Amino acid sequence: MALIEIKNLCKTFGSGDGAVHALEDVSLDIEQGEIFGIIGLSGAGKSTLVRCINLLERPTSGTVTVDGADMCRLSERELRQQRREIGMIFQSFNLLMQRNALANVRFPLELSGVPRAEANKRAQELLELVGLGDRLRAYPAQLSGGQKQRVAIARALATNPKVLLCDEATSALDPTTTESILELLKNLNRSLGVTVVVITHEMRVVERICSRVAIIADSRIAEMGEVQEVFLHPQTEAAKKLVLPSRAGKLEGFVRDGESRAVDECRGSLIRLAFDGETTDRPIIADMILSLGAPVSIVYADTRSIEGRLYGHTVLQLPSEPETAEKMRRWLTNQGISFTEEE
Amino acid sequence: MFDLVLKGLGETIYMTVVVTFFAYVVGLPLGLVLAVTAKDGLRPNQGVYLSISAVVNVLRSVPFLILIYTMLPVTRFVIGTAIGTKGVLLPLFVSAFPFVARLVESSAREVDRGVIEASRSMGASVWQVVVKVLVPEAMPSILSGATIAATTILGYSAMAGVAGGGGLGAIAINYGYSRYNYAVMLTMCAVIVVVVQLIETLGKASVRLSDRRLK
Ligand SMILES: Nc1ncnc2c1ncn2[C@@H]1O[C@H](COP(=O)(O)OP(=O)(O)O)[C@@H](O)[C@H]1O
Ligand SMILES: [Mg+2]
């Protein structure tokens, strides 16, 4: 059985004409030990979805099961107990401003009545684990954003939860800090075995640490699966819009814009190369140009290399002579690079 | 004159301290209940909120001097006398605690909702949120409110001099105003000003020392 099971979850705010259907018939399973991403545009219902997992928000209908417990059926007391199994971190950190780092991490332990000395010891260990062993007595106001999020992570882990919910945990951080926080989450997932649920509107966050992802659009799950599969071969319009912004927006703009130099409609057709990590990080396009002796234009590129492997998309405009274009298609196929024709 | 000042000062400080203390004993919990039961509170409860609100509003809208006279029988019964320093303690308290409740309510509602949310996500009960989050996080604001409350209570205690109260206000009126002795009157006023300043300074310092957001 999956650690978190969500079945036919609906959440409606308000009633009558003003009712907002924040979630409609959402079902998904999150397995023990995985890092699961939930991605969607602002207002899609992501926060509402995670808040239904620890019942900060009570579902209108449907069920949420965490570690075998039907969350909606728990008594007030049982629910508080169960919440200790579910840590949560937030975009705005939500630290207690009048408590120092150590006392913040100690807070959930105080709530469950752990003796002071033991709580202090555990809090110190956790702060060391997140790399803040030297800032135990610092107040949140004295810490940077990244450090605050580290304290929040240590605090969320204090009760040894099975799950860590992260609601836009890196959205208030700069790219470098984001990277280090994601790295930390990945390490904690590996070393402690804690299941991580990552809510975000940024693809790079999901790409960086998640194994599976659900795309949420207009209050529903549009698509769900392995991150590579979903991001490289999005099936639904909603997913394409999110994953391939160029197809919906930028590229059409290029093609239609008569002034544009990047795409000349008299010239050859457009193809989209998808890199799914099977290709090593070598200059493929330069290789192709050199070996075939004909130029191409790069219309759009969004690729990155992770551990020496290439991920992402590139849109090329092939030369107008059909033979040269055909040669290029064959060359790419021979290299094992998959591509699709753009219309 | 010096003896008068000393006597008045002692009485005024006594009234201010005692009334402020009891106003918080009652007003602090009441203010917290208001914050918790408000529409956007931890445990919204219209019934509780509106009933406390009504009592608070009624008491706050009765002018203080009229309150002293209306309460005469009650004061006599509870305190034993309705005049002098002791005689105004009860009316002062009755007009102060609703004011304090509102001050505390507004301080508690200033606490970041996200922090409360986070505590709930960690399994805190409503009681734990109030005691471990709401009060400590709102403490600088509560202290700042207490400064306002204490100076306001001091001002009212002086006003009570007109209706037979004690302290600096009573001396200013009985020895100064009534006997055309403006020196006494102005001296008492000056002392009141100094005491208010002192309370303000102490209050500001305690807010600064208690607030960990500033360092
Ligand atoms: N407490 C609430 N009351 C009313 N509407 C809400 C509330 N919380 C969220 N919503 C609405 O539900 C929708 C989804 O919100 P949210 O889950 O916060 O989206 P996301 O986190 O994906 O940006 C939005 O339209 C939002 O306005
Ligand atoms: Mg959100």
Side-chain angles (χ1 to χ4, degrees), chain A residues 47 50-51 53-57 74 76-101 103-113 137-143 148 151-153 155-159 161 163-168 172, chain B residues 28 32 35-37 39-46 48 104 106-147 203-215:
Chain A
S47 295
V50 265
R51 291 160 54 81
I53 295 178
N54 60 5
L55 235 67
L56 282 179
E57 218 64 83
L74 299 178
E76 180 95 6
R77 252 192 77 133
E78 291 167 328
L79 177 61
R80 290 205 302 271
Q81 205 63 40
Q82 184 69 2
R83 279 182 177 152
R84 291 173 190 158
E85 300 289 329
I86 310 171
M88 188 169 187
I89 58 173
F90 307 82
Q91 176 171 4
S92 49
F93 321 124
N94 295 346
L95 296 177
L96 293 147
M97 298 304 282
Q98 308 294 349
R99 282 179 173 235
N100 64 26
N104 260 287
V105 179
R106 198 176 59 211
F107 179 74
L109 300 168
E110 283 175 23
L111 293 179
S112 46
R137 312 275 162 206
Y139 285 90
Q142 301 166 312
L143 298 171
K148 282 185 216 167
V151 175
I153 291 171
R155 182 175 70 171
L157 293 175
T159 50
V163 191
L164 180 61
L165 306 177
C166 312
D167 189 357
E168 303 272 9
Chain B
L28 182 75
L32 292 173
V36 168
T37 55
K39 241 197 207 106
D40 57 350
L42 273 165
R43 271 279 181 286
N45 187 325
Q46 285 265 351
V48 174
V104 170
S106 98
S107 295
R109 287 173 84 162
E110 276 168 29
V111 173
D112 185 1
R113 296 188 58 86
V115 176
I116 295 170
E117 188 106 286
S119 343
R120 287 217 297 140
S121 82
M122 287 179 265
S125 62
V126 173
W127 174 249
Q128 283 175 320
V129 172
V130 171
V131 173
K132 285 181 171 289
V133 181
L134 232 41
V135 174
E137 289 293 302
M139 195 42 89
S141 171
I142 291 175
L143 286 173
S144 159
T147 311
K204 280 224 176 78
S206 68
V207 170
R208 208 174 47 243
L209 285 175
S210 75
D211 196 347
R212 307 300 189 171
R213 287 171 300 186
L214 305 175
K215 284 171 208 165

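Here the structure is a predicted model, which is why all the values come from computation and not from measurement.
Chosen from A:P108, A:S92, A:A152, the residue pairing most often with chain B at heavy-atom distances under 4.5 Å is A:P108. Put simply, of A:I86, A:N100, A:N94, the one with the most heavy-atom pairs under 4.5 Å next to chain B is A:N94.
For a residue to count as touching a neighbouring chain, one of its non-hydrogen atoms must lie under 4.5 Å from one of that chain's; by this rule A:F107 touches chain B with the side chain only. For A:L96, the parts sitting under 4.5 Å from any heavy atom of chain B are the backbone and the side chain alike. Heavy atoms closer than 4.5 Å to chain B are found in the backbone of A:L95, but not in its side chain. Only the side chain of A:R51 comes within contact range of chain B, with heavy atoms under 4.5 Å apart. If you measure heavy-atom distances from A:Q91 to chain B, you find no contacts under 4.5 Å at all.
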*Show the numbers, then the answer: is there a side-chain contact (heavy atoms from CB on, under 4.5 Å) between B:D40 and B:R113?*
CA-CA 10 Å; B:D40 57 350; B:R113 296 188 58 86; 3.8 Å; yes
_Set out, in order, the CA-CA distance, both residues' side-chain angles and the distance that settles side-chain contact (heavy atoms from CB on, under 4.5 Å) for A:T159 and B:M122, then state yes or no._
CA-CA 9 Å; A:T159 50; B:M122 287 179 265; over 6 Å; no
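Listed for the A:R155 side chain is no donor-acceptor partner under 3.5 Å among the backbone atoms of A:G87. Side chain of A:N104 to backbone of A:R99: a donor-acceptor contact under 3.5 angstrom is found. Of the possible polar contacts, none joining the B:Q46 side chain to the B:K39 backbone as a donor-acceptor pair under 3.5 Å is found. B:S121 contributes no side-chain N or O that, together with a main-chain N or O of A:M88, makes up a donor-acceptor pair within less than 3.5 Å.
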